[in-house]
2 protein chains.
Amino acid sequence: MTVSSANPRTPNPKPKAAAARDQILTHAARMMRARGYADMSLRELAAEVGMKAGSLYYHFPSKEALATDVMRLGVEIVSDAVQAGLEDAPDLPPRARMARAMQIHLETLLSASDFSSAHIRCYPFVPLTVQSELKSVRKKYDKIWSALIEQHLGPKATPTDIRYLRYAIIGALNWSLEWFDPAHDDAAVYVTSVADRLLRESP
Amino acid sequence: MTVSSANPRTPNPKPKAAAARDQILTHAARMMRARGYADMSLRELAAEVGMKAGSLYYHFPSKEALATDVMRLGVEIVSDAVQAGLEDAPDLPPRARMARAMQIHLETLLSASDFSSAHIRCYPFVPLTVQSELKSVRKKYDKIWSALIEQHLGPKATPTDIRYLRYAIIGALNWSLEWFDPAHDDAAVYVTSVADRLLRESP
DNA sequence: GTCTATAATATGATAGAC
DNA sequence: GTCTATCATATTATAGAC
């Protein structure tokens, strides 16, 4: 699956443009993740995909627009994977649904890692216009989790209970980007250990 | 307390230089936190503290050295606070020591926030030379937590158990930088809710 | 679709006056 | 300690040829 086929905002693009666009997005994600938004150089990015800097502007109107698309994909890929994973197993009890969502979130994060990392790491530093454009996808993904947690905690849970558990889970999972090493770590083991602790019933 | 008085590497500095140095560090921390390392402009930074760009080089040999000092303070302030807090209460049982450490970590993070945020947010993007210089302070702080967790989990815990619980705790706490709003959130409430879940005995 | 050439501007760092 | 002036170099973005 190409990255632009995952983006419904680009219907029926000409094949060659689509392929070049994908290449740009892929390399941009890698570069943003590694060096940050400000230090992503369009000259270097163009060189990596075999073109000159000016040619990028045929595919994206600005650096901000390119970054927006990279970061939007970073959320959408994870969000869509989690949603699909939950729909594939509709009869699980709430706690198992949460564990499954955590598993998919972490695995998608660590495999589609450049896009998601770029989002998570760069969001605080990206121009306000970019942050604004990302607000709706971010909110959509938050709502998936809030709904899951509400089911899990039951009717006596306050909105703050729900928010705080969501932050703890997402924080514990996203922080893996700073330490996870595929050679030594196992995503399933980590997720199990976190889920065992964070999802147990209150005392 | 001035930031440079907290830095034992600068003994007996001339008062005027020390004051200017502190101002530079404080504003640099604010700017790095908000805009990232690459986008921190030395010209703007100098203007904020009322000098010209060239004058900064009397106090710091390079942008990298300045960033290193900001980020080092970011860890040291938290690390020293946690260590002191544990030494002040030597007789607490392991679980209470952990909860206390979490509390101090979060509160220090959220109050000395610019230095710590600059560290947490910018570390992935900072030049390798800067990352190298920070490795020892980071390791020192990690060891405090590993020791605490080893006591808490008991002798049957593997090194992986210890590492993963450390990552989950630090991740859940550090992520607060991205959502905590002093007007609506209470650090003590969040820390209690996280500690209640993450520190319970295994089933 | 991609190129060349360039505009307009910002950057970190240094040298030397004061 | 701070300033001025400057070097060398990077940046995003645009216009127009092909």
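Below, all heavy atoms of this structure are taken into account, side chains as well, without hydrogens, waters or symmetry copies. Since we're looking at a predicted model, the values are computed, not measured. By convention in this document, chain letters (A, B, ...) are assigned in the order of the sequence lines, proteins followed by strands, and residues within each chain are numbered from 1.
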N/O contacts under 3.5 Å, protein versus nucleotides 16-18 of chain D?
none

Margin query: So for atom CD, which belongs to B:Q131, do other residues, nucleotides or ligands contribute more than 12 heavy atoms lying within a distance under 6.0 Å?
Written below: yes
Check: Residues in salt bridge (charged side-chain N to carboxylate O under 4.0 Å, His left out) with B:E64, at least two apart?
Finding: none
Next item on the list: Please name the pair of heavy atoms, one in B:K135 and one in B:Y123, separated by the smallest distance, quoted to 0.1 Å.
Entry: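 Of all heavy-atom pairs spanning B:K135 and B:Y123, the closest is CE-OH, 4.2 Å.
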Check the distance between [N]'s [atom2] and [X]'s [atom1] and give it to me in whole angstrom.
X: A:M51; N: D:dA13; atom1: CE; atom2: P; value: 16 Å
X: B:R35; N: D:dT11; atom1: CZ; atom2: P; value: 18 Å
X: B:L45; N: C:dA13; atom1: CG; atom2: C1'; value: 15 Å
X: A:Q23; N: C:dT2; atom1: CD; atom2: C1'; value: 15 Å
X: A:D39; N: D:dT11; atom1: CG; atom2: C1'; value: 11 Å
X: B:E44; N: C:dG12; atom1: CD; atom2: C1'; value: 14 Å
X: B:Y37; N: C:dT11; atom1: OH; atom2: P; value: 14 Å

Checklist line | Under 3.5 Å donor-acceptor, A:S117 side chain and A:D114 backbone | finding: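 A pair under 3.5 Å: no.
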Check: Should A:F60 and A:L25 be marked as a side chain to side chain contact (heavy atoms under 4.5 Å, CB included) after you check the CA-CA gap, both sets of side-chain angles, and the distance that decides it?
Finding: CA-CA 10 Å; A:F60 299 92; A:L25 284 168; 3.8 Å; yes
Check: In chain order, what residues pass the side chain to side chain contact (heavy atoms under 4.5 Å, CB included) check against A:A187, with sequence neighbours excluded?
Finding: A:L106, A:E107, A:L110, A:F180
Notebook entry, point to check: What residues in residues 52-65 of chain A put a non-hydrogen atom under 4.0 Å from any atom of DNA chain D?
Noted result: A:G54, A:Y57, A:S62, A:K63
Next item on the list: Scan residues 73-105 of chain A for pairs that pass ring pair (Phe, Tyr, Trp, His ring centres under 6.0 Å), counting only residues two or more places apart or in two chains.
Entry: A:H105-A:Y141
Check: Taking only residues two or more places apart in sequence, or in another chain, which ones meet A:Y167 in a ring pair (Phe, Tyr, Trp, His ring centres under 6.0 Å)?
Finding: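 Ring pair (Phe, Tyr, Trp, His ring centres under 6.0 Å) check on A:Y167 returns B:W179.
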